[in-house]
Every structure is written in structure tokens, then in C-alpha cells.
Amino acid sequence: MNFPQRLYTTTEIRDAKILINQGYKHTLIVDGTIEFKTKVNQAIKYLETSGYYDFFRTYIKEIIEIDGLTQLRETEISIWANQYAVENPVDAASLLVQKAYSMKEYLDGEVYYGGNAEKRSLMERIHFLQTLKEKTLDPKVIQDCQRLLDLWSESSWSF
């Protein structure tokens, strides 16, 4: 069985879940300008450092540069991102984790949008930043993680 190209039907979602439960991982594709790819590849290195890379490849198959709003494209198993979303690779990595978590909830049949779902995916994003901060040896990355964690703790979201 091959992983479905798109996830529109319950059969396609069921087949995808079967493969994921068997350990399937996507071969990640990044499509965009050289600058975009460079920033995304740095973010992917942070996914690897933190131990989130396999989780990410389980739920996302491609990251595509667009000139519009960054969004998860559930039926396409992809993230559409603009250049501003990847400007800071640490923040971009945390965004990628957040979108992958939403994709997981989509495949699990959970409500993956709206207030509570947004809070759950944001908590995963924060957990990623804490994990990266603990696992990296790069002082600049540690500083970036702390800065982002401080920003999230000051936000209107109550955790």
C-alpha cells in the first residue's frame, strides 16, 4: 500500500493512518527559492537536534513557499509558508512542529482547528522550544528559544 497522494476521503485517511501506525515516514520535500530552502533546512536541523524530526516526517510530506498566508494544507499533507514565516529558523521550526501536530489531530479524527485545538498545538510548539533549548549546544539557539518562550509566556494565552 502506498501513502495516499491526498487525504480527501475517509478511505484515504484510514490508509494513511494504517501506514503511520506501521512507522511510515515521508521523504520531506522543500520547494521554494534558495533563500527559503536554506531557512527551512536550518529549521529542519533544529527538528533533528530536538528529536522532533521523525514526528514531523510522519505527518508532513512537503513545505512549499507561497506568497500568501502560511497554512497547513491537510488534504495535501503539506505546509504552505511564506518567506516571513521562516525568517527566524528557530521560530520556523516551532511553527513546523505546531502544524505537524495539527496534522496529527486531523488524521486522528480530532477537532484540529479552533480555540482548544489551537491551544493544544501551541503547547506542542512551546514543548518543542523547551526541548530544543535543553538539547542544543549552540548558545544563540538557546537564547532564541528563551526569547520565544518568554514571548509565549507573555501572550494572552493562559497555559
Side-chain angles (χ1 to χ4, degrees), residues 3-4 6-8 10 12-31 36 39-66 68-82 84-136 141 144-159:
F3 202 91
R6 302 206 181 224
L7 299 177
Y8 284 122
T10 54
E12 291 165 337
I13 292 170
R14 184 201 65 222
D15 290 349
K17 283 190 56 81
I18 288 169
L19 288 169
I20 285 170
N21 290 338
Q22 294 173 351
Y24 181 87
K25 304 287 184 261
H26 294 285
T27 300
L28 190 58
I29 297 168
V30 179
D31 187 21
F36 180 83
K39 300 268 183 168
V40 170
N41 286 329
Q42 184 60 54
I44 290 168
K45 287 181 183 175
Y46 296 144
L47 296 178
E48 292 169 347
T49 299
S50 67
Y52 271 77
Y53 185 61
D54 281 344
F55 169 79
F56 185 76
R57 288 187 322 127
T58 299
Y59 295 103
I60 302 296
K61 74 175 181 177
E62 60 188 346
I63 305 165
I64 301 170
E65 182 178 18
I66 60 160
L69 295 176
T70 297
Q71 58 188 289
L72 172 64
R73 302 291 296 190
E74 299 87 358
T75 58
E76 297 174 25
I77 319 139
S78 66
I79 297 172
W80 288 6
N82 62 41
Y84 305 107
V86 300
E87 190 61 36
N88 176 316
V90 172
D91 196 26
S94 70
L95 174 67
L96 295 177
V97 167
Q98 183 177 5
K99 297 297 186 190
Y101 187 82
S102 294
M103 186 69 201
K104 177 189 182 309
E105 288 197 333
Y106 172 79
L107 285 170
D108 288 345
E110 306 277 337
V111 176
Y112 62 97
Y113 54 87
N116 288 333
E118 187 69 22
K119 186 173 181 178
R120 288 189 305 271
S121 68
L122 187 53
M123 291 301 296
E124 194 65 30
R125 185 175 187 166
I126 289 167
H127 184 262
F128 163 79
L129 289 167
Q130 291 166 334
T131 303
L132 179 59
K133 181 182 167 192
E134 292 169 7
K135 291 189 173 188
T136 189
V141 173
D144 243 1
C145 287
Q146 189 57 57
R147 181 184 61 79
L148 291 166
L149 288 166
D150 290 345
L151 285 172
W152 283 117
S153 71
E154 294 170 3
S155 76
S156 61
W157 290 86
S158 59
F159 299 106

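Nothing here was measured: the structure is a model prediction, and the numbers come from that model.
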Closest non-hydrogen atom pair between [X] and [Y], with its separation:
X    : Y    : value
F55  : A100 : CE2-CB, 3.8 Å
A85  : T70  : CB-OG1, 3.3 Å
D108 : K104 : OD2-NZ, 2.7 Å
F3   : A16  : CZ-CB, 3.5 Å
V111 : R120 : O-NH2, 2.8 Å
H26  : I77  : NE2-CG2, 3.7 Å

Can you confirm whether [X] sits close enough to [Y] that some side-chain heavy atom of one is under 4.5 Å from a side-chain heavy atom of the other?
X    : Y   : answer
K135 : Y52 : no
Y106 : I13 : yes
V30  : I44 : yes

Ion pair check, D150 and R147, cut-off under 4.0 Å:
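Between R147 and D150 there is no salt bridge, as every charged N stays at least 4.0 Å from the carboxylate O atoms.
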Point-to-point distance, once rounded to the nearest 0.5 Å, from [atom1] of [X] to [atom2] of [Y]:
X    : Y    : atom1 : atom2 : answer
K61  : L7   : NZ    : CG    : 8.0 Å
E48  : N41  : CD    : CG    : 9.0 Å
S94  : F128 : OG    : CZ    : 6.5 Å
L132 : L129 : CG    : CG    : 7.0 Å
Q98  : R125 : CD    : CZ    : 5.0 Å
M103 : T58  : CE    : OG1   : 11.5 Å

Check this for me: [X], atom [atom1], are more than 12 non-hydrogen atoms of other residues, nucleotides or ligands nearer than 6.0 Å?
X    : atom1 : answer
Y8   : OH    : yes
K45  : NZ    : no
N116 : CG    : no

Decide yes or no on side-chain contact (heavy atoms from CB on, under 4.5 Å) for I20 and Y59, but give the supporting numbers first.
CA-CA 8 Å; I20 285 170; Y59 295 103; 4.0 Å; yes
I'd like to know if the side chain of [X] reaches the main chain of [Y], judged simply by a donor and an acceptor atom lying under 3.5 Å from each other, with no hydrogens or angles considered.
X    : Y    : answer
N82  : L69  : no
S121 : E118 : yes
S50  : Y46  : yes
K39  : E87  : yes

Checking side-chain contact (heavy atoms from CB on, under 4.5 Å) for the pair V141/C145: CA distance, chi angles, key distance, verdict?
CA-CA 6 Å; V141 173; C145 287; 4.2 Å; yes
Can you tell which of E76, E62, E12 makes a salt bridge (Lys or Arg N to Asp or Glu O under 4.0 Å) with R6?
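When E76, E62, E12 are each tested with R6, the salt bridge (Lys or Arg N to Asp or Glu O under 4.0 Å) holds only for E76.
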Residue of the set I29, L72, L96 for which side chain to side chain contact (heavy atoms under 4.5 Å, CB included) holds with I60
L72
